[in-house]
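These notes are about the structure you will find just below.
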2 protein chains.
Amino acid sequence: MAEPMKRLPKLPVERALKVISGRWKPVILYHVFSGPKRLSELKRMMPEITQKVLIHQLREMEEHGLVRREVFAEVPARVEYTATKLGLGLEPILLALCQWGQNHAEAQGELDELADCIVRPRHPEVIAA
Amino acid sequence: MAEPMKRLPKLPVERALKVISGRWKPVILYHVFSGPKRLSELKRMMPEITQKVLIHQLREMEEHGLVRREVFAEVPARVEYTATKLGLGLEPILLALCQWGQNHAEAQGELDELADCIVRPRHPEVIAA
DNA sequence: CTGTATCCGTGCCGATACTG
DNA sequence: CAGTATCGGCACGGATACAG
């Protein structure tokens, strides 16, 4: 029973934020940007996420046109999630957010040890040119 | 009793998102970007928001270093909220989000009448150059 | 492997009333 | 004018068990 399709906010900024904020969406997007991924792959890439939640986030992103879900008639069946054009348009923005986040962590979180995580550039690089 | 100071996420993207997502934060930022604002001014600019919530959001943004709160010893006392350098660094990003949001609305929300709202450019302008 | 169904804690945020 | 206190709804997301 498909839910009533929650309306997105009218204001563009809020709309965009609504669409990309979800506990795991940025990370999922990050992985999907590098090519089509199977559910099990994504699950393996994010050990901490629950399958239910992973699927739920994927469903929302699909509904919002960020990713495309494709089922291949094989045995056993294979399902791939791919970033759409619209979704790819978020890549530079997410990168910018990432850089700002690092910047912010250095400025604010004094001794805030940054996570040794994937979703950030190797070398900080100068942000404010 | 100051709350335990919730730790921000370790991943830069999530950190950034956490900091800017809040029902009214983008709008507040938008207004504050155009210069220092008093509480009552902000309240007037956003009739829909509750005072309690407005203050709460401002408090968080202050704690996260996005805005600075200044009290002037006058009679009656005056309080101004100003965007910090860190906060100003978000302006281009929010603009990008806004543009992406419009783009998204056109692509997705077919007949989604865009709000006749402040937080978006007058003329769409070409996004994908 | 890919999904669904259920239960439930927690945080956000709105409404309302009150204070210096 | 600027701010606090309290209450309550509701969406989000985590745990777990089950199914095609």
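In what follows, every chain begins at residue 1, and chains take the letters A, B, ... in the order their sequences are listed. Below, each value reflects all heavy atoms present in this structure, side chains not excepted, and no hydrogens, waters or symmetry copies.
Closest-nucleotide positions on DNA chain C for B/Trp24 and A/Glu41 were compared, and the one nearer the 5' end corresponds to A/Glu41.
Shown here for B/Pro26 and A/Leu17, the closest heavy-atom pair between the two residues is CG-CD1, 3.5 Å. Between B/His64 and B/Leu86, the closest heavy-atom pair is O-CD2, 4.5 Å.
The separation between A/Arg23 atom CZ and D/dA11 atom P is 21 Å, rounded to whole Å. Between A/Lys18 atom NZ and C/dC12 atom C1' the separation is 11 Å, expressed in whole Å. Atom-to-atom, NE2 of B/His56 to C1' of C/dA15 comes out at 16 Å; the value is rounded to the nearest Å. In this entry the distance linking CD1 of A/Ile55 with P of D/dA15 reads 16 Å, nearest Å. In this structure, A/Gln51 places its CD atom 16 Å from P of D/dG20, rounding to the nearest Å. Atom CG of A/Leu58 and atom P of C/dC1 are 15 Å apart (whole Å). Summarising the geometry, the separation between CD on A/Glu14 and P on C/dC13 is reported as 11 Å, rounded to the nearest angstrom. Atom CD1 in A/Ile49 sits roughly 14 Å away from atom C1' in C/dT2 (whole-Å rounding).
At a threshold of 4.0 angstrom between heavy atoms, the contacts of A/Arg59 are confined to the sugar-phosphate backbone, with no base atom among them. Within 4.0 Å (heavy atoms only), A/Gln57 reaches sugar-phosphate atoms of the nucleic acid but no base atom. Among the protein residues, B/Ser40 comes within range of the sugar-phosphate backbone only, with heavy atoms under 4.0 Å from sugar or phosphate atoms but none that close to a base. Nucleic acid contact class of A/Val79 (heavy atoms, under 4.0 Å, all strands): sugar-phosphate only. Residue-level contact check: B/Arg38 touches the backbone only, with heavy atoms under 4.0 Å from sugar-phosphate atoms and none from bases.
Taking only distance into account, the side chain of B/Lys52 meets the base of C/dG14 through a donor-acceptor pair shorter than 3.5 Å.
The main-chain N or O of A/Pro36 is never found under 3.5 Å from a side-chain atom of A/Thr82 such that the two would form a donor-acceptor pair. A donor-acceptor pair under 3.5 Å links the side-chain atoms of A/Lys37 to the main chain of A/Gly35, judged by distance alone.
Distances shorter than 4.0 Å separate none of the side-chain N or O atoms of A/Tyr81 from OP1 or OP2 on C/dT2.
Within a 6.0 Å sphere centred on NZ of B/Lys18, other residues, nucleotides and ligands contribute 12 heavy atoms or fewer.
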